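As the structure is a computational prediction, the values presented were derived from the model and not from experiment. Residue numbers count from 1 along this sequence.
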Amino acid sequence: MDRTEDDMKLVGFFGIFKQSFKTIFSSKKIFAQITLAFILPLAIVFIVQMEISHHFFWKIDNNTLPYDSNDSREATALDWLYYALFTIAYYASLTFFSVLSIAAVVFTIASIYTTREVVFRSVMKVIRKVWKRLLITFVFIYLAQFIYEVIGSIALAIPRVIFDYSGLGGVVVMLIILILYVYGFLYLSVVCQLASVVAVLENIYGFNALKKGKDLTYGKKKVGMGIAFVLYGVLVCLIVVYLLLVEYGHEVYEFALVWRVVIGILCGVLLLVLFLMFIVTQTVLYLVCKSYHLEAIDKLSLSTFLGAYTGETVVYPRPGAEIQLGSPQPPWEHVWNAC
């Protein structure tokens with residue numbers, strides 16, 4: 001992170017990717033530790049969810065080919081119960097490792113930005129301090145995504161009733177709605193990603209973090225959505241390759257087991273890199289947005305803020321006050337030991 005604050009506000013689409021890769025390669029050891037400790041379990045949960053869904057819940061998962069074409073695809077009430085319990089367990093695990101991964105990566109990048117030395121032990125201290133704030137923020141993120149999915153489903157259902165998506169007019173309407181849906185999904189994703197960074201680096205979380213994330217997107221919305229489009233596009237391609245060449249590689253392409261294993265390992269490694277890039281780019285985007293909005297991120301204040309997480313002696317402006325990133329800081333008068 002060798003750019004000044006004035007340079008950061010001018011960073012665009014390619015610059016964020018370039019800065020993200022430079023940050024990762026400049027501190028390969030700590031990012032490798034974080035990847036193995038937190039992002040690897042996250043990727044495993046993601047892949048296991050696909051495997052279990054396709055092997056045990058194919059009657060419910062409409063995207064799964066039946067293993068026996070003679071079997072009925074009608075799911076029983078017991079199938080739905082197991083599927084509901086499995087979905088709850090999946091999202092709980094996904095949230096758990098996502099919180100750990102985001103807290104670790106965001107703290108690491110912020111430490112690199114302030115030229116602080118960061119070790120894995122200090123990362124673990126930070127996770128214990130911020131996981132509750134991130135978890136609350138994730139609850140609001142899930143709620144926002146659920147509301148958006150409901151609105152999107154209604155928006156797709158109404159034209160279907162009117163046009164039945166038949167003929168050229170119906171197809172055009174469907175494509176327009178799908179484009180608008182993807183646009184809204186990407187925008188919401190950027191807001192949610194920025195909100196998760198805000199929950200770690202600022203003193204707000206939950207709904208207020210989402211509101212702050214929305215405010216930060218102004219002026220950099222297209223850049224953020226472009227980055228999200230590329231990363232989600234790569235994710236979709238990885239999933240398609242995994243399903244076609246690994247999951248159904250034997251049935252569709254008659255691939256030998258060894259090739260399916262090799263392709264599966266390659267997809268897993270790329271998934272690790274992709275998940276890491278999601279978090280790194282969203283953190284770099286946060287720093288760019290803060291600079292763009294002239295919300296000064298004083299490196300000394302940020303370093304002090306991060307020091308509070310690791311139990312260092314912290315200088316506060318006054319009793320009970322905290323460092324707010326992007327806010328002007330009054331003269332420091334009291335020294336307090338962070339708990």
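Partners of Trp259 under the side chain to side chain contact (heavy atoms under 4.5 Å, CB included) rule, at least two apart in sequence or in another chain, are Ala256. In this structure, the ring-ring contact (aromatic ring centres under 6.0 Å, His included) partners of Tyr181, at least two apart in sequence or on a different chain, are Tyr148. Residues forming a ring-ring contact (aromatic ring centres under 6.0 Å, His included) with Phe185 (at least two apart in sequence, or on another chain): Tyr232. Remark: Leu143 pairs with Ile147 by the side chain to side chain contact (heavy atoms under 4.5 Å, CB included) rule, at least two apart or across chains.
Distance check: Asn208 CG to Phe140 CZ gives 8.5 Å after rounding to the nearest 0.5 Å.
Using a 4.5 Å cut-off on side-chain heavy atoms (C-beta onward), Phe86 and Gln49 make contact. Residues Lys290 and Val288 have side chains not in contact (no heavy-atom distance under 4.5 Å, counting atoms from C-beta outward). Put simply, the side chain of Val130 does not reach to within 4.5 Å of the side chain of Val106, judged on heavy atoms. Ser98 has its side chain out of reach of Phe38: every pair of non-hydrogen atoms, C-beta onward, lies at least 4.5 Å apart. By the 4.5 Å heavy-atom criterion applied to side chains, Val200 and Leu134 are counted as neighbours. Here the side chains of Met50 and Ile239 are in contact, with some heavy-atom distance below 4.5 Å. When side chains are defined from C-beta on, Phe46 counts as touching Leu235, because their heavy atoms get closer than 4.5 Å.
Residue Tyr242 qualifies as enclosed at atom OH: its count of foreign heavy atoms under 6.0 Å is above 12. Atom CZ of Phe207 sits in a sparse spot, with 12 or fewer heavy atoms from other residues, nucleotides or ligands closer than 6.0 Å. Within 6.0 Å of the CZ atom in Phe120, the count of heavy atoms belonging to other residues, nucleotides or ligands exceeds 12. For Tyr142, the OH atom counts as densely surrounded, since its 6.0 Å shell holds more than 12 non-hydrogen atoms of other residues, nucleotides or ligands.
A donor and an acceptor atom, one from each side chain of Glu202 and Tyr286, are located under 3.5 Å apart.
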Begin with the C-alpha distance, continue with both residues' side-chain angles, and end with the deciding distance and a verdict on side-chain contact (heavy atoms from CB on, under 4.5 Å) for Ile34 and Thr108. CA-CA 9 Å; Ile34 292 173; Thr108 300; 3.2 Å; yes

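Residues Thr35 and Phe31 share a closest heavy-atom pair of OG1-O, 2.7 Å. Between Ala209 and Ala195, the closest heavy-atom pair is O-CB, 3.4 Å.
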Output side-chain donor-acceptor pairs under 3.5 Å for residues 218-229, partner residues at least two apart or in another chain, one line each.
unit_1 : atom_1 : unit_2 : atom_2 : d
Tyr218 : OH     : Lys214 : NZ     : 2.7
Lys220 : NZ     : Lys9   : O      : 3.2
Lys220 : NZ     : Val11  : O      : 3.1

I'd like a table of donor-acceptor pairs (distance under 3.5 Å, sequence neighbours excluded) in which one partner is a side-chain atom from residues 268-284, with atom names and distances.
unit_1 : atom_1 : unit_2 : atom_2 : d
Thr281 : OG1    : Met277 : O      : 2.6
Thr281 : OG1    : Phe278 : O      : 3.1
Gln282 : NE2    : Ser196 : OG     : 3.0
Thr283 : OG1    : Ile279 : O      : 2.8

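Between Phe17 and Phe13, the ring center distance clears the sub-6.0 Å criterion.
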